[in-house]
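Comments concern the structure below.
Positions are given from 1, in the same order as the sequence printed here. For clarity, every value in this text was computed on a predicted model and none was experimentally measured. The figures that follow rest on heavy atoms only: side chains count, while hydrogens, waters and symmetry mates do not. Both ligands and their constituent atoms are indexed starting at 1 by order of listing.
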Amino acid sequence: MRIAGWSRATPAEAPPLAALFQRAEAVAPVDMEQRAEDVRNRLATLGPDGAGRTRVGRDDTDTVVAYGEVADMGTAGDVLRIRLTKVFHPDIADDVRAELHHWLIDQAKQLRVDRGSAQAVLGTRCAENDPTGRELLIRDGFALVRHERHLVLTVPDAPPAPVLPPGLVLTPVDERYDELARLAHNEAYADNPAAVRPDQRTWPQHATGHPRFLPDLSCLMLAEAHQGDNPVAAFLYALAHGSTDTPTAILHCLGTRAPWRRSGLATAMISRVLHRARAAGIRQLRLQVTDSNDPALALYRKLGFVESGRGFAVLMRQLTPGADEQP
Ligand SMILES: CC(C)(COP(=O)(O)OP(=O)(O)OC[C@H]1O[C@@H](n2cnc3c(N)ncnc32)[C@H](O)[C@@H]1OP(=O)(O)O)[C@@H](O)C(=O)NCCC(=O)NCCS
């Protein structure tokens, strides 16, 4: 299968893109959106200048058979993080895959220059059962950095009540704590080299400004007599999933700052989610977790989460001026 023409993605193309994602996901899952509404939201999170960094390929019957996207995931320690996404119809020709890959790399180089970043790191997903895609990436200097597991939990009929340690309160996500929550997030994920640590510019799209943000299920854990300036001891941000027949919520990011760990905070926040999910008719929770994140895997296992079989690999590559491009 070949491409008759490429164009930028527009919101109007969300339905054919969702159809492509469904087709691709059935063969090589990387947890792409399955509904037009969710694809539209995905395009919206790319920001006002994001459309230029998308590419939609159609075959000679005008069917959408390929999609590429370059997304700015924020800057951490002066390094810009860029996510590359490629989705293909299962019958696409190998040279189309390679062509789109090289287009994405060129767009990523341009994004790094536009953002004025000295260095960028490129990250991309590859289905566990896609050796062709993985070989292409490895030939181009990408290295396998981790496997992401995909876990699910059926919301129980009678979830356990949240138990809070003394001096801590659970509160809905409140805009007054937005910046403190961002700092708490980045501190909690500081030891995780794979984690996105959003800056002030990209935090909204990661958290409350995400188009599928679920305020009722998200929460902060505040320490009443807190150490230092930041009372946010733990946080949980949930998103609507919506792409399945079963009403589902995603635990998008969740963390406890180091001084408060192993005190039951994450367990309490997830209990709160389960109660609220139950009341809202949500039947299932889903999340992704890196397979090397033993504390988180232990937490989720203890709470009854199980693997869905939709995990994928993550590969990364540096993009440094001079090494492989002109600044
Ligand atoms: C994973 C994380 C959220 C756990 O938060 P927490 O508030 O410490 O978790 P809890 O106190 O509720 O722990 C509940 C259970 O999880 C398991 N667990 C949590 N941390 C663990 C660890 N470091 N080692 C082994 N088991 C652990 C234990 O079974 C624990 O029960 P126990 O203390 O009675 O043995 C926290 O370590 C963290 O913020 N990590 C960095 C961010 C992150 O990785 N988030 C998850 C992304 S998917």
Side-chain angles (χ1 to χ4, degrees), residues 30-31 73-74 76 81 83 123 125 145-153 156 159-171 173 177 180-198 203 206-207 210 212-214 217-224 226-228 230-239 241 248-275 284-308 310-314:
V30 288
D31 207 28
M73 303 303 285
R81 289 165 170 259
R83 183 187 68 201
R125 296 177 179 184
V145 289
R146 64 180 192 273
H147 296 273
E148 286 287 321
R149 296 192 187 186
H150 190 255
L151 306 185
V152 294
L153 174 69
V163 179
L164 303 189
L168 286 145
V169 285
L170 259 175
T171 174
V173 169
Y177 291 106
L180 293 168
R182 183 184 76 84
L183 294 171
H185 172 281
N186 290 357
E187 189 182 317
Y189 281 92
D191 296 338
N192 185 339
V196 173
R197 285 184 289 280
W203 175 243
H206 191 73
H210 192 290
R212 289 183 284 120
F213 173 59
L214 279 179
L217 266 64
S218 304
C219 60
L220 300 176
M221 184 78 82
L222 301 180
E224 289 172 322
H226 53 89
Q227 304 166 11
N230 191 350
V232 179
F235 53 86
L236 186 156
Y237 289 83
L239 304 179
H241 189 290
T248 297
I250 299 172
L251 300 188
H252 171 55
C253 66
L254 140 85
T256 301
R257 286 169 61 209
W260 286 279
R261 285 189 185 156
R262 296 304 284 269
S263 314
L265 271 58
T267 304
M269 292 190 299
I270 294 173
S271 296
R272 179 183 184 274
V273 169
L274 291 171
H275 277 275
Q284 194 182 65
L285 301 186
R286 291 185 178 201
L287 59 88
Q288 273 168 31
V289 55
T290 305
D291 65 354
S292 58
N293 191 344
D294 293 332
L297 280 166
L299 165 74
Y300 300 136
R301 275 199 203 106
K302 186 172 182 183
L303 297 177
F305 283 84
V306 292
E307 292 216 29
S308 72
R310 305 188 72 80
F312 51 84
V314 175

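- Contacts of Arg81 classified as salt bridge (charged side-chain N to carboxylate O under 4.0 Å, His left out), with partners at least two apart in sequence or in another chain: none.
- In plain terms, the two heavy atoms of Met269 and Leu170 that are nearest each other are CG-CD2, 3.8 Å.
- In this structure a side-chain-to-backbone donor-acceptor pair under 3.5 Å is missing from Ser308 to Val152.
- With hydrogens and angles disregarded, no donor-acceptor distance shorter than 3.5 Å links the side chain of His150 to the backbone of Arg286.
- Using a 4.0 Å heavy-atom criterion, the residues that approach ligand 1 are Ala188, Tyr189, Leu254, Gly255, Thr256, Arg261, Arg262, Ser263, Gly264, Leu265, Ala266, Thr267, Gln288, Val289, Asn293, Pro295, Ala296, Ala298, Leu299, Tyr300, Lys302.
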Going by atom type alone, with no hydrogens or angles, which donor-acceptor pairs under 3.5 Å involve a side-chain atom of residues 287-295 and a protein atom two or more places apart or on another chain?
{"from": "Gln288", "atom 1": "NE2", "to": "Asp31", "atom 2": "OD2", "distance (Å)": "2.9"}
{"from": "Thr290", "atom 1": "OG1", "to": "Glu148", "atom 2": "OE2", "distance (Å)": "2.8"}
{"from": "Asn293", "atom 1": "OD1", "to": "Ala296", "atom 2": "N", "distance (Å)": "3.3"}

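- Every pair passing side chain to side chain donor-acceptor pair (under 3.5 Å) that includes a residue from residues 182-192 is listed here, sequence neighbours excluded: Glu179-Arg182, His185-His206, Glu187-Arg257.
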